[in-house]
Amino acid sequence: DAKTTQPTSMDCAEGRAANLPCNHSTISGNEYVYWYRQIHSQGPQYIIHGLKNNETNEMASLIITEDRKSSTLILPHATLRDTAVYYCIVRVRGGADGLTFGKGTHLIIQP
Amino acid sequence: DAGVIQSPRHEVTEMGQEVTLRCKPISGHDYLFWYRQTMMRGLELLIYFNNNVPIDDSGMPEDRFSAKMPNASFSTLKIQPSEPRDSAVYFCASSPYRAQRHEQYFGPGTRLTVT
């Protein structure tokens, strides 16, 4: 899987939008961008994924640049429960193998 | 849906003892994964199964580690003999294979402490 680069940590005020960036400059044409998060003492949780179009679900939005070399995960109205480590992962389309986790971004939502 | 179930949630054992971690995947999922998480190395894939068959065990650290999946609803990860450096949180995850989704669902983990 291609490597990703994320900031180590970020702060966001409760109720504001949290924008988490990810660089994946070596992404291949057949690789998707996946986002997972891990709340303290829990297993990782799938959030969203995309190929090249922007995606939205009940948890978040994913914005992928036109050249696909970077993306942004957006939590529109962050709550204290969104405090977690967020992992950006790129992997082959339809890939059935394991996930390669980097260090992720520790997002801290401030009251 | 109960989600992925792991047992025990916590395990404390002495060096040299055998440890068995258990996982029940979500019913109907074709894939099962074992991961290990430590502060130093983060989350690492150990092994994964497809339809109960081990596909890739290249992440298993040494011969002391073994994993089995005797049926679609049960898997074990065994460490024999255990060592202090095996202390970590072990996660099991399962996944359905749907051509363009394939998100993984993780269990709560087993925190293993080897003294």
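Residue numbering restarts at 1 for every chain, and letters A, B, ... go by the order of the sequence lines.
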Using heavy-atom distances under 4.5 Å, tell me whether B/Leu43 contacts chain A through its side chain, its backbone, both, or neither.
both
Per-residue contact mode, B/Glu44 against chain A (heavy atom under 4.5 angstrom)
neither
Rounded to the nearest 0.5 Å, what separates atom CD1 in B/Ile55 from atom CG in B/Leu32?
11.5 Å
Proximal to chain A - members of residues 67-76 of chain B, heavy-atom separation under 4.5 Å
none
Taking the side chain as every heavy atom from C-beta outward, state whether B/Gln6 and B/Phe91 have any pair of such atoms under 4.5 Å apart.
yes
Knowing that exactly one of B/Ser95, B/Cys23, B/Pro108 qualifies, which makes a side chain to side chain contact (heavy atoms under 4.5 Å, CB included) with B/Val4?
B/Cys23
Does anything in residues 40-84 of chain A pair up under disulfide bond (SG atoms under 2.5 Å apart), and if so which pairs, sequence neighbours excluded?
none
Is the centre of the B/Phe33 ring less than 6.0 Å from the centre of the B/Tyr48 ring?
yes
Distance-only, no hydrogens or angles: does the B/Arg111 side chain make a donor-acceptor pair with backbone N or O of A/Ser41 under 3.5 Å?
no
Between the main-chain N or O of B/Ala88 and the side-chain N or O of B/Thr38, is there a donor-acceptor pair closer than 3.5 Å?
no
